[in-house]
Amino acid sequence: MNSFISGFKVFAPLCAAVICIVVVELLCAALVNEPAFMKSPLLHMAYRKPVRSERVNSAIKLHSIMPLPGSILQVGDSTGLVGVQPRIVNNYLPASLRLLNLSMTMPAQFTGHESTAEAALQAHPDAKYLLLMVSPFAIGMNSEGFGEDIRRNYVQFPWVWALPSLRLRALVTNTVFYGRDTGGRLWLDGASVGESGPVLSKAPREESEDLTGALGWMQINRHQNFVPYACVLPNYDDKLVTARLQKMYEIAARHRAGLLLVLGPVKCGPSGDTERLESTIRQFLSAHPDIVVPLPIVDAINPADLGDDVHLTPEGSRRYSERLGTALRHALVQ
């Protein structure tokens, strides 16, 4: 009897603690509502970190766009983010093939693109293809950013942020800084840049709604006068290109999806750098003949369609999306 009482004294407080934790988590779960991206760990406590606007974009992609239906999952940098309009591409494909644009900005880094691909294929187990679209200027170059944050929070330890209490805390703190409806300070629009970097052109909620309606495509308006020049790929590394393609190939294969490769369009002329890049990619393709490359590896297009060196104008994006849709239909539809 004494041992029972002694055991009860030990376990009763533990049981009470467990019950309290469960109650707290259930209450938090009831309070964690939309907008979904405002719960993102990418934003939580990142208010004084650099590239804050790009974190907002990535959070929207991971929380608002990724749950949408898709069987062709596009990842990569901003060349695809502003270049590919899924609603146009999908007009050229059968209903069984629906493109979803999960491309982000360069600060997401290639590590972030790989992690986004992994998370997206886990969220879409029936996806048929992973489409990697990156700029030829970026595929062989390292950049600074928050790719490891995406890997840690969405691939390595996603269960940590599954706790409703942590999501509620992120929702509260993110809402305080970014604002649920007023937004205000940190969105990349290519036009207005403050002392601490790009500023918001829209409230985050409004930007999320726009991106969701466009299935992940983001419109930007830029214009630079074109002066002909030969392409130069800064800090280019052949081994890095091969390693990155191999990693993406393995991610797609692990989820029984095919890999599609598209390098973003350029307006600069051919050079020794582009020839070297094309040779590296062709060597990789010869060892992996199942990879589909629907467009030219180095795709020089009408300079008028590009607002700067790598980003398409809205009208250029429309034409490019029609061309990509046609190419995908030819390559994928028997």
Side-chain angles (χ1 to χ4, degrees), residues 29 32-44 54-77 80-81 84-87 89-90 93 95-105 108-134 146-164 166-167 170-171 174 204 207-218 247-262 328 332:
V32 178
N33 297 315
E34 293 292 342
F37 73 93
M38 294 295 277
K39 306 187 292 264
S40 173
L42 279 182
L43 305 183
H44 184 52
E54 290 85 345
R55 284 178 179 268
V56 174
N57 176 271
S58 295
I60 291 172
K61 286 303 184 85
L62 290 162
H63 289 269
S64 300
I65 310 301
M66 190 178 290
L68 299 176
S71 52
I72 303 176
L73 307 177
Q74 174 186 313
V75 300
D77 59 27
L81 170 65
V84 177
Q85 300 186 41
R87 293 196 180 280
V89 173
N90 290 341
L93 299 174
S96 60
L97 294 176
R98 301 285 90 180
L99 176 68
L100 190 61
N101 187 336
L102 295 170
S103 292
M104 299 178 181
T105 56
Q109 301 178 293
F110 215 89
T111 299
H113 307 330
E114 294 168 356
S115 300
T116 301
E118 187 79 53
L121 287 167
Q122 290 175 2
H124 296 265
D126 296 326
K128 295 181 173 63
Y129 297 99
L130 175 66
L131 169 59
L132 172 63
M133 182 171 177
V134 290
F146 50 87
E148 286 299 330
D149 290 351
I150 298 177
R151 183 195 298 276
R152 180 176 60 256
N153 292 316
Y154 294 91
V155 176
Q156 292 180 325
F157 308 111
W159 50 269
V160 172
W161 284 92
L163 290 173
L166 290 181
R167 288 187 284 126
L171 177 62
N174 291 342
E207 192 66 40
S208 176
E209 292 172 352
D210 288 350
L211 285 172
T212 301
L215 301 181
W217 173 66
M218 186 172 80
K247 180 71 172 182
M248 281 294 186
Y249 182 82
E250 291 172 358
I251 290 172
R254 188 158 55 246
H255 294 274
R256 298 182 177 84
L259 180 62
L260 311 175
L261 175 62
V262 175
L328 289 174
L332 304 180

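Here the structure is a predicted model, which is why all the values come from computation and not from measurement.
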Would you give the length of the straight line joining atom [atom1] of [X] to atom [atom2] of [Y], rounded to the nearest 0.5 angstrom?
{"X": "Arg55", "Y": "Ile60", "atom1": "CZ", "atom2": "CD1", "answer": "14.0 Å"}
{"X": "Glu114", "Y": "Leu132", "atom1": "CD", "atom2": "CG", "answer": "9.0 Å"}
{"X": "Thr116", "Y": "Arg151", "atom1": "OG1", "atom2": "CZ", "answer": "10.5 Å"}
{"X": "Leu62", "Y": "Leu102", "atom1": "CG", "atom2": "CG", "answer": "8.0 Å"}

So which atom in [X] and which in [Y] form the shortest heavy-atom distance, rounded to 0.1 Å?
{"X": "His113", "Y": "Gly76", "result": "CE1-O, 3.1 Å"}
{"X": "Arg87", "Y": "Ala214", "result": "NE-CA, 4.4 Å"}
{"X": "Lys128", "Y": "Leu97", "result": "CD-CD2, 3.6 Å"}
{"X": "Glu148", "Y": "Gln109", "result": "N-OE1, 4.1 Å"}
{"X": "Asn101", "Y": "Ile65", "result": "O-CG2, 3.7 Å"}
{"X": "Leu121", "Y": "Ala127", "result": "CD2-CB, 4.0 Å"}

side-chain contact (heavy atoms from CB on, under 4.5 Å), that's the test. Do Leu328 and Val89 meet it? Break it down for me.
CA-CA 8 Å; Leu328 289 174; Val89 173; 4.0 Å; yes

Checking the side chain of [X] only, and the main-chain atoms of [Y] only, is there a donor and an acceptor separated by less than 3.5 Å?
{"X": "His124", "Y": "Met66", "answer": "yes"}
{"X": "Asp210", "Y": "Met218", "answer": "no"}
{"X": "Lys61", "Y": "Met104", "answer": "no"}
{"X": "Ser71", "Y": "Ser96", "answer": "yes"}
{"X": "Gln74", "Y": "Gly80", "answer": "yes"}

Quick one: are [X] and [Y] in side-chain contact, heavy atoms under 4.5 Å?
{"X": "Ile72", "Y": "Leu332", "result": "yes"}
{"X": "Phe110", "Y": "Val134", "result": "yes"}
{"X": "Phe146", "Y": "Arg152", "result": "no"}

Do Thr212 and Ser64 have a side chain donor and acceptor closer than 3.5 Å?
no

Identify all side-chain donor-acceptor contacts of residues 253-262 below 3.5 Å with residues at least two apart in sequence or on another chain.
residue: Arg254; atom: NH2; partner: Glu118; partner atom: OE1; Å: 2.5
residue: His255; atom: NE2; partner: Glu118; partner atom: OE2; Å: 2.6

Under the criterion side-chain contact (heavy atoms from CB on, under 4.5 Å), I'd like the reasoning laid out for Ser103 against Trp217: C-alpha separation, chi angles, the key distance, then a yes or no.
CA-CA 8 Å; Ser103 292; Trp217 173 66; over 6 Å; no

Hits for side chain to side chain contact (heavy atoms under 4.5 Å, CB included) against Asn90, two or more places apart or cross-chain, chain-then-number order -> Pro86, Leu93, Arg98, Leu99, Leu215

